[in-house]
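Data block below; observations after.
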Amino acid sequence: MGALDYLSNFCTVTSTRSKRKPMQTVEIKVKMDCDGCERRVKNAVTSMKGVKTVEVNRKQHRVTVSGYVEPNKVLKRVKSTGKRAEFWPYIPQHLVYYPYASGAYDKRAPSGYVRNVVQAALPSSNAAPPEENIVSLFSDDNVNACSIM
């Protein structure tokens with residue numbers, strides 16, 4: 001039997017299983033006005049394969065979908081309901097270095113959120129924070145320091 005087992009290892013057919021999509025959370029901004037809009041969007045998304053939970057926040061116009069899904073397919077399914085939809089463009093305000101930079105502040109954003117723009121999320125590498133500029137202005141090492149000192 002030893003030789004037969006050895007030869008059977010070469011003859012086995014290994015099936016290539018498709019990789020399972022990773023568990024992820026997709027946030028989408030959808031304009032919803034009434035209970036019917038909310039129900040239509042929720043039913044469209046919950047019927048998708050791989051969806052575990054769907055949370056709808058009509059006040060913020062936000063739909064959060066968790067599961068083994070692809071974000072683009074979720075967005076396409078929400079758009080198929082006839083609603084205008086886009087990926088959630090906002091991030092919490094406390095995560096942004098300069099929340100009132102041009103392009104980041106949005107009046108339509110929910111309270112505590114600003115737009116996710118690159119210049120607002122990351123400070124420029126060559127610009128120092130304003131506190132460091134003021135400290136170096138009156139240092140003894142600065143040759144152009146105030147002459148009153």
Side-chain angles (χ1 to χ4, degrees), residues 1-139 142:
M1 283 291 182
L4 240 141
D5 288 332
Y6 179 75
L7 290 174
S8 69
N9 287 338
F10 292 113
C11 298
T12 58
V13 177
T14 58
S15 64
T16 56
R17 296 182 72 191
S18 62
K19 290 191 176 189
R20 191 172 189 187
K21 297 174 190 131
M23 176 78 165
Q24 50 186 313
T25 302
V26 181
E27 295 179 334
I28 298 175
K29 180 182 177 185
V30 184
K31 178 85 167 119
M32 295 177 283
D33 298 324
C34 62
D35 291 333
C37 300
E38 183 179 338
R39 190 175 348 103
R40 189 174 348 155
V41 169
K42 188 171 183 173
N43 288 340
V45 175
T46 52
S47 65
M48 289 181 67
K49 183 179 177 185
V51 172
K52 296 296 180 193
T53 61
V54 178
E55 297 174 17
V56 178
N57 188 339
R58 187 172 52 182
K59 186 175 182 182
Q60 289 186 346
H61 301 291
R62 182 180 193 172
V63 176
T64 306
V65 180
S66 297
Y68 302 100
V69 293
E70 291 182 22
N72 291 330
K73 288 187 179 182
V74 175
L75 182 66
K76 189 174 181 180
R77 179 65 69 99
V78 171
K79 283 184 177 180
S80 72
T81 62
K83 296 290 177 189
R84 183 179 300 164
E86 62 179 327
F87 288 115
W88 187 253
Y90 305 117
I91 58 173
Q93 187 171 0
H94 67 277
L95 297 178
V96 178
Y97 196 71
Y98 293 114
Y100 295 105
S102 64
Y105 184 71
D106 188 2
K107 288 190 274 186
R108 292 173 295 187
S111 63
Y113 288 91
V114 292
R115 241 182 213 286
N116 187 10
V117 292
V118 176
Q119 65 195 18
L122 300 172
S124 61
S125 59
N126 60 358
E131 298 84 24
E132 291 180 15
N133 292 339
I134 294 171
V135 172
S136 66
L137 189 66
F138 293 104
S139 71
N142 187 359

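For reference, positions follow the sequence shown, starting with 1.
- Residues passing the side chain to side chain donor-acceptor pair (under 3.5 Å) test with Ser111, sequence neighbours excluded: none.
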Could you give the side-chain donor-acceptor pairs of residues 44-57 under 3.5 Å, partners two or more places apart or in another chain?
{"residue": "Thr46", "atom": "OG1", "partner": "Lys42", "partner atom": "O", "Å": "2.9"}
{"residue": "Thr46", "atom": "OG1", "partner": "Asn43", "partner atom": "O", "Å": "3.3"}
{"residue": "Ser47", "atom": "OG", "partner": "Asn43", "partner atom": "O", "Å": "3.4"}
{"residue": "Ser47", "atom": "OG", "partner": "Ala44", "partner atom": "O", "Å": "3.0"}
{"residue": "Ser47", "atom": "OG", "partner": "Arg77", "partner atom": "NH1", "Å": "3.0"}
{"residue": "Asn57", "atom": "OD1", "partner": "Lys59", "partner atom": "N", "Å": "3.3"}
{"residue": "Asn57", "atom": "OD1", "partner": "Gln60", "partner atom": "N", "Å": "3.4"}

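- No side-chain heavy atom of Trp88 sits under 4.5 Å from any side-chain heavy atom of Thr64.
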Taking distance alone, no hydrogens or angles, what donor-acceptor pairs closer than 3.5 Å link side-chain atoms of residues 27-40 to residues at least two apart or in another chain?
{"residue": "Glu27", "atom": "OE1", "partner": "Arg62", "partner atom": "NH2", "Å": "3.2"}
{"residue": "Glu27", "atom": "OE2", "partner": "Arg62", "partner atom": "NH2", "Å": "2.6"}
{"residue": "Lys29", "atom": "NZ", "partner": "Tyr90", "partner atom": "OH", "Å": "3.2"}
{"residue": "Lys31", "atom": "NZ", "partner": "Asp33", "partner atom": "OD1", "Å": "3.3"}
{"residue": "Asp35", "atom": "OD1", "partner": "Arg58", "partner atom": "NH1", "Å": "2.9"}
{"residue": "Asp35", "atom": "OD1", "partner": "Arg58", "partner atom": "NH2", "Å": "3.2"}
{"residue": "Arg40", "atom": "NH1", "partner": "Thr81", "partner atom": "O", "Å": "3.2"}

Result block: side-chain N/O donor-acceptor pairs under 3.5 angstrom for residues 66-75, not counting sequence neighbours:
{"residue": "Ser66", "atom": "OG", "partner": "Thr25", "partner atom": "OG1", "Å": "3.4"}

